[in-house]
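In this chain, numbering begins with 1 at the start of the sequence shown. All values below come from the heavy atoms of this structure, side chains included, with hydrogens, waters and symmetry mates left out.
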Amino acid sequence: MREIFTALPWWVKWVAVPVIALVVFGGLIASVVGFVIGLLFKLLVFVALVGGLIYVVRKFMSGSSSRGDW
């Protein structure tokens, strides 16, 4: 395999082969990138919701403890 690539011109190794790989695997690469971005967005929403829940619970607990009802 190495002998085949060394006999080829530079533009085949550095231009044509990557372009062919992008054409063949482009859909797979796009779906993986989309999945990762979607996962990061869901993780960010999760962190924001948990942070908001913690803020609300702490606010409620500090307000209820000052009343002395519990």
Side-chain angles (χ1 to χ4, degrees):
M1 188 72 173
R2 186 169 289 176
E3 295 90 20
I4 295 171
F5 270 113
T6 55
L8 294 174
W10 68 270
W11 60 270
V12 173
K13 290 187 272 191
W14 298 106
V15 177
V17 173
V19 166
I20 292 172
L22 282 175
V23 168
V24 172
F25 299 109
L28 177 66
I29 293 169
S31 65
V32 168
V33 169
F35 175 75
V36 169
I37 290 173
L39 191 65
L40 288 175
F41 178 73
K42 289 178 184 179
L43 183 66
L44 181 66
V45 169
F46 175 75
V47 168
L49 288 174
V50 169
L53 179 66
I54 291 171
Y55 174 77
V56 168
V57 167
R58 283 188 176 176
K59 197 77 154 170
F60 177 74
M61 294 299 262
S62 68
S64 66
S65 64
S66 64
R67 288 185 298 185
D69 294 343
W70 299 91

Can you give me every donor-acceptor pair (side chain of residues 19-28, partner residue at least two apart or in another chain, under 3.5 Å) with its distance?
none

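Hydrophobic clustering (ILVMFWY, side-chain heavy atoms < 4.5 Å, transitive): Trp11 and Trp14 are in one cluster. In terms of hydrophobic clustering, with Ile, Leu, Val, Met, Phe, Trp and Tyr side chains grouped at heavy-atom distances under 4.5 Å, Ile37 and Ile29 are assigned to a common cluster.
Every residue meeting the side-chain contact (heavy atoms from CB on, under 4.5 Å) condition with Val50, not counting sequence neighbours, appears here in chain and number order: Phe46, Ile54. By the side-chain contact (heavy atoms from CB on, under 4.5 Å) test, Val45 pairs with Phe41, Leu49, sequence neighbours left out. Partners of Val57 by side-chain contact (heavy atoms from CB on, under 4.5 Å), not counting sequence neighbours, listed by chain and number: Leu53, Met61. In this structure, the side-chain contact (heavy atoms from CB on, under 4.5 Å) partners of Phe5, at least two apart in sequence or on a different chain, are Met1, Leu8, Lys13, Val17.
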